[in-house]
Structures are given as C-alpha cells and as structure tokens.
There are 2 protein chains.
Amino acid sequence: MAVHSRVEKQIVPVRKKAYEHLKTAILSGRLSPKERLTEEHLAETLGVSRTPVREALYKLEAEGLIRPLKTRGFIVSGDSKEEVKELFELRAILEGYALRIISEKITREGLQHLGTFIDKAQAALEANRMGDVFKWNTRFHDYLHELVSDSIRLYRLIVDMRKQVLRHRKVTLQSIEGAQRTLDGHQKILLALRLKDPELCEKTMREHIKLAKEDALLTLLGEHIA
Amino acid sequence: MAVHSRVEKQIVPVRKKAYEHLKTAILSGRLSPKERLTEEHLAETLGVSRTPVREALYKLEAEGLIRPLKTRGFIVSGDSKEEVKELFELRAILEGYALRIISEKITREGLQHLGTFIDKAQAALEANRMGDVFKWNTRFHDYLHELVSDSIRLYRLIVDMRKQVLRHRKVTLQSIEGAQRTLDGHQKILLALRLKDPELCEKTMREHIKLAKEDALLTLLGEHIA
DNA sequence: TTCACGAGGATTGTATACAATCAGGCCATA
DNA sequence: TATGGCCTGATTGTATACAATCCTCGTGAA
C-alpha cells in the first residue's frame with residue numbers, strides 16, 4: 001500500500017514546544033527586548049512546569065537569543081546596531097567560507113536548481129508577489145546550506161545565525177529595490193559557482209551579505225526614527 | 001584592614017561543577033568516545049541528582065563536545081579525522097576574521113605585548129622548557145582573543161572551538177619542530193599586524209591554523225598506527 | 001532461520017517540593 | 001542626607017517522585 005506506512009508517532013517533548021514557542025515569539029518580535037522573562041511566569045503562561053521551560057531558556061541562551069539579567073531572569077537580546085552588525089558580519093564570514101566549500105563540490109544539477117530558484121524569485125518580483133520572492137530566496141539559501149550539511153558544525157552555526165537575522169531580512173525584502181538587489185546578488189553568486197572559483201565565491205558571498213547588512217541597518221535606523 | 005575584605009562567597013552551582021568536571025574529563029581524554037553517558041549513572045558518580053547533570057549534558061551538547069546517542073544517552077564526540085579537520089578549518093575562518101578586526105584597532109602596546117609573549121616562548125623553547133612554550137603560546141592567543149571580546153558572538157565561538165582542539169595542540173607542541181613552526185607562525189602574525197594590513201592578517205592567520213591542522217592530523221594518524 | 005510482537009528493564013521527561021540565594025526596600029544610626 | 005545592615009518576597013537551584021518512552025531480548029509462529 002503506502003510505501004512507508006510508518007507514521008512515526010512524532011512525540012514532541014514539552015521542552016521543545018516551549019523552546020519553539022519562545023523562539024518564534026522572539027524572532028517575530030512579539031516578545032520585545034523590554035520584558036523580563038522568568039521561569040515561573042513563563043511556565044504559568046505556557047501551562048507547564050518550570051523544568052522544560054528552564055531547559056528551553058538555557059538553549060535559547062546558548063544560541064544568543066536571550067541573555068541572563070544581572071537581576072535574575074532573562075531578556076531577549078536587543079537588536080542594537082552593534083549586535084545586528086556583528087551578526088551579519090559573522091554570517092558573511094561563515095557563509096562566505098561555506099560557498100567556497102560548495103564551489104568545490106557542487107554538481108551540474110545543483111547549479112540548475114539554484115538557477116531555477118532565482119528565476120522563480122525574479123518572476124515573482126515582476127508580478128509583485130513579494131511573499132513568493134521571499135519564499136524563493138529562502139529556498140536559494142536553504143539549498144546552499146544543505147550542500148554543507150556534512151560539515152555539521154558549520155551547518156549548525158549558519159542555520160542558527162540565519163534564523164536570528166530573519167526578522168531583519170523580511171523587512172528588507174519588502175522593498176522592491178531591496179529585493180532586486182538581493183536577486184542580483186544571487187545571480188552573482190551563481191555565476192561565481194559556475195566559474196568554480198573558490199576565491200571569487202567567498203568574496204561574492206561576503207559582499208552579498210554585506211549589502212544585506214547595510215539594508216538591515218538602514219531599516220533599524222528607520223525604525224528608530226519612526 | 002584588608003583593602004578588600006569582601007571575599008565574594010563565590011557560590012558554585014552544582015550544575016557548573018558537573019559541567020566543568022565532565023568538560024575537563026573529555027578534553028583531557030580521560031573520558032573516551034567509547035563510553036556511554038547516562039544521566040543517572042553520571043549523577044551517581046558525581047554524587048548529585050540528575051537535574052544539574054542533565055543541564056550540564058545539554059550544555060556540552062550545544063558546544064558539540066558530546067552528542068546524543070540514538071539509543072539514549074550521550075557519547076563524547078569522536079576525534080575522527082573529519083571532525084578534527086572541520087574544527088580546525090572553522091577556527092581558521094573565525095580567527096582569520098578576528099585578526100582582521102584586530103589589525104584595525106590594536107595599539108602600540110598591544111603589539112608590544114604580543115612581541116613579548118613570542119620572545120618568552122622562543123626563550124623557553126631554546127631552554128627546552130616545553131611546558132613554558134605551551135604557556136606563552138597560549139598567552140599569545142588568549143591576548144588576541146581578548147582583543148575581540150566586544151564582538152561577543154565571535155569571541156564565544158573562538159573560545160569554544162579553541163578549547164575543543166586543546167588536546168590536539170598539546171601533542172603538537174611537544175615536538176621541537178612543531179613548536180618552532182608555531183612560533184614562526186606567530187612571528188608572521190605579529191608582522192602582519194604591524195603592517196596593519198587586514199587582508200594579510202586574515203590570510204596569515206588562516207595559514208597558521210592550517211599548519212596546526214596538518215600537525216594535528218598527522219598526530220591523529222600516528223595514534224592510529226601506534 | 002527469520003520475522004513479529006510483546007514484556008520488562010533501563011532511561012529520560014515532567015512535575016513538584018523544598019532549600020538556597022538574591023535584589024531591593026526599610027530602618028537605624030551617624 | 002548618607003551609610004550600612006537586615007528583613008522579606010521573588011526567583012532560582014537541586015532533589016525526588018512518578019509517568020512516559022524506548023531499547024532489548026525472548027518467545028512463538030511462519
């Protein structure tokens with residue numbers, strides 16, 4: 001019948017649910033850097049005991065999404081200019097290196113996939129479907145990331161950081177010019193990959209992310225003014 | 001009376017003790033990748049309850065020092081050739097970038113300090129006091145790391161990784177040639193810093209760590225044969 | 001033999017209780 | 001007004017109990 005009838009009961013530990021809950025709340029901005037997080041209060045809110053909550057908190061701390069308060073409790077890490085800058089710069093380094101590795105082992109099909117993602121994003125942009133632009137751009141990056149997934153540490157770092165900058169990226173991509181700039185960047189990346197030039201790949205990716213950084217910083221500034 | 005009679009009670013949470021205990025056991029090789037770690041067993045061994053142990057385990061996992069076993073429990077991450085390679089390569093990237101940053105803001109005194117560390121290490125090497133060579137080399141790197149300490153994320157990543165490669169480095173430095181090569185590398189780094197050439201700094205550091213990587217891999221191979 | 005399928009022990013997940021600790025305010029004293 | 005110490009509620013740290021889950025291994029049927 002079904003090729004795989006095993007449905008894999010997929011038990012989700014409370015700890016994980018608490019973690020995801022908090023994470024999305026933070027990344028979406030629903031949880032601002034203003035409010036203090038305490039184990040007990042969160043436990044009550046989520047309707048669970050402190051144990052899983054505290055484990056979720058520790059994990060978030062390890063990822064840098066929240067930080068311990070001197071006065072006990074945590075706050076979500078601010079998106080101060082400095083922090084956003086550092087985040088993007090680290091991404092530039094890590095993803096630049098990743099692209100270097102990728103360039104050495106990507107296949108013809110891989111290149112084709114990437115090309116498709118760009119085309120779809122471009123088409124979406126021209127049709128003014130910004131949601132889809134975002135989607136295909138994300139696919140583009142995700143596909144790249146998968147290509148380094150045997151470098152476990154590198155992969156984990158990249159994925160972590162990427163999640164953290166998500167909120168900034170979303171804003172950037174909402175402007176037409178921003179989106180077009182991003183797409184141009186992706187084209188350049190693809191070209192560098194096609195040329196199989198590791199040096200160029202690293203450089204291109206760094207520049208691509210540097211642009212994203214500047215967009216994000218502008219946005220940040222804008223919010224400040226608004 | 002005493003200038004500072006405050007002794008700072010310095011309470012050390014059990015969790016932290018468990019964490020440190022396990023960490024040193026792992027880094028020193030006392031805990032091999034062979035044995036399985038379970039919460040209960042560890043708790044019993046350390047004479048504490050499972051709660052702090054489990055928190056220590058999660059932290060170690062986040063740092064990549066142990067990994068969950070499919071069959072429940074953890075094992076310490078192997079030092080397979082692939083893993084060591086990746087570790088050093090990541091270090092090369094991150095510390096290379098760090099040196100680039102440092103080159104932009106290091107002061108005259110900073111350069112002098114670094115020079116001193118190298119001299120001391122060189123002297124120790126010539127007197128065949130390998131322990132001291134290790135010590136001064138460590139100082140050299142530690143000092144560099146402190147210079148990036150306002151880039152919190154970068155700093156944390158570097159420190160983490162550095163701890164993980166410690167066991168490999170120790171072996172390398174025991175050989176005279178290995179130590180001399182390391183020192184030469186440090187000289188080059190210092191030179192690059194003096195020239196205030198970010199590009200060169202990054203490149204030099206990468207190469208320095210690449211050499212260390214090759215040493216470590218050789219050692220690893222040797223152990224395999226032995 | 002090989003496979004399916006429980007039984008049972010080992011291990012982890014979560015809740016809860018209690019002890020330890022800390023921040024912040026209050027009061028006494030100067 | 002400033003200083004220092006102590007009290008108290010808030011919060012975290014650790015232990016423990018119990019429930020849930022998973023691995024293993026034996027048993028029996030094909």
Side-chain angles (χ1 to χ4, degrees), chain A residues 1-23 25-26 31 33-63 65-77, chain B residues 1-23 25-26 31 33-63 65-77:
Chain A
M1 228 216 288
V3 180
H4 264 295
S5 65
R6 309 187 53 195
V7 184
E8 288 298 344
K9 257 209 245 159
Q10 186 61 337
I11 291 271
V12 182
V14 177
R15 154 172 41 110
K16 206 144 285 178
K17 276 200 271 191
Y19 168 77
E20 297 295 346
H21 182 96
L22 288 172
K23 185 159 185 168
I26 293 170
L31 217 51
K34 292 292 151 231
E35 30 208 328
R36 178 158 170 262
L37 308 176
T38 67
E39 298 178 1
E40 195 145 7
H41 180 252
L42 287 175
E44 202 172 336
T45 306
L46 303 182
V48 300
S49 82
R50 275 174 49 217
T51 312
V53 170
R54 116 191 307 250
E55 289 174 358
L57 286 174
Y58 284 147
K59 190 159 184 204
L60 291 167
E61 184 195 355
E63 287 174 13
L65 267 111
I66 63 178
R67 61 184 44 170
L69 227 38
K70 295 152 300 300
T71 63
R72 294 168 152 220
F74 293 85
I75 46 167
V76 339
S77 298
Chain B
M1 226 212 290
V3 179
H4 263 297
S5 64
R6 307 187 54 196
V7 185
E8 288 298 344
K9 258 208 240 157
Q10 186 59 339
I11 293 271
V12 182
V14 178
R15 153 172 41 110
K16 206 145 284 175
K17 278 200 272 192
Y19 168 76
E20 297 296 345
H21 182 96
L22 289 172
K23 185 158 184 170
I26 293 170
L31 216 53
K34 292 291 152 233
E35 29 207 329
R36 178 158 171 263
L37 307 175
T38 67
E39 296 177 3
E40 195 146 5
H41 179 252
L42 287 174
E44 201 171 339
T45 306
L46 302 183
V48 299
S49 83
R50 274 173 49 215
T51 312
V53 170
R54 117 192 306 252
E55 289 175 0
L57 286 174
Y58 284 150
K59 190 159 182 204
L60 291 168
E61 184 196 356
E63 287 173 13
L65 267 111
I66 63 178
R67 62 183 44 171
L69 226 38
K70 294 152 297 300
T71 63
R72 292 166 155 224
F74 292 86
I75 46 167
V76 341
S77 298

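Every value quoted in this text rests on a predicted model; they were computed, and no experiment measured them. Below, chains carry the letters A, B, ... as their sequence lines are ordered, and counting in each starts from 1.
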K.L.:
In whole Å, I'd like the distance from the CD atom of B:Glu55 to the C1' atom of C:dG13.
P.N.:
13 Å
K.L.:
Between C:dA15, D:dA15, C:dT14, which nucleotide gets closest to the side-chain atoms of A:Pro13?
P.N.:
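Nearest to the side chain of A:Pro13 among the choices is C:dT14.
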K.L.:
Find the distance A:Leu69:CG to C:dC22:P and express it as a whole number of Å.
P.N.:
15 Å
K.L.:
Side-chain N or O of B:Arg15 less than 4.0 angstrom from OP1 or OP2 on D:dG13?
P.N.:
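Yes, B:Arg15 has a side-chain N/O under 4.0 Å of OP1/OP2 on D:dG13.
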K.L.:
I need the CD-P distance between A:Glu44 and C:dT14, as an integer number of Å.
P.N.:
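That distance rounds to 19 Å.
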K.L.:
Ignoring backbone atoms, test whether A:Arg54 places a side-chain nitrogen or oxygen under 4.0 Å from the OP1 or OP2 oxygen of D:dG13.
P.N.:
yes
K.L.:
In whole Å, I'd like the distance from the CZ atom of A:Phe74 to the P atom of D:dT11.
P.N.:
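Value for this atom pair: 14 Å.
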K.L.:
Can you identify which nucleotide, out of C:dT11, C:dG13, D:dT11, has its nearest atom closest to the A:Glu40 side chain?
P.N.:
D:dT11
K.L.:
When B:Leu37 is tested against each of B:Leu69, B:Ile75, B:Leu31 for side-chain contact (heavy atoms from CB on, under 4.5 Å), which residue passes?
P.N.:
B:Leu31
K.L.:
Could you please name the option among D:dG13, D:dA10, C:dG24 that lies closest to any side-chain atom of A:Thr71?
P.N.:
C:dG24
K.L.:
Go through A:Lys23 and A:Leu60 one step at a time and tell me if the side chain to side chain contact (heavy atoms under 4.5 Å, CB included) criterion holds.
P.N.:
CA-CA 8 Å; A:Lys23 185 159 185 168; A:Leu60 291 167; 4.3 Å; yes
K.L.:
Would you say A:Tyr58 reaches D:dT12's phosphate, i.e. side-chain N/O to OP1/OP2 under 4.0 Å?
P.N.:
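Answer no for this pair, as no side-chain N or O of A:Tyr58 is under 4.0 Å from OP1 or OP2.
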K.L.:
Side chain of B:Pro52, heavy atoms from C-beta onward: which of D:dT14, D:dT11, C:dT16 has the nearest atom to it?
P.N.:
D:dT14
K.L.:
Please give, in whole Å, the distance from C:dT14 P to B:Glu39 CD?
P.N.:
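Atom-to-atom, B:Glu39 to C:dT14, this comes out as 11 Å.
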K.L.:
Which one, C:dT12, D:dT11, C:dT16, comes nearest to the side chain of A:Arg36?
P.N.:
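Looking only at side-chain atoms, A:Arg36 lies closest to D:dT11.
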K.L.:
Taking the minimum atom-to-atom distance to the side chain of A:Ser49, which one of D:dT14, C:dT16, C:dA10 wins?
P.N.:
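Output: C:dT16.
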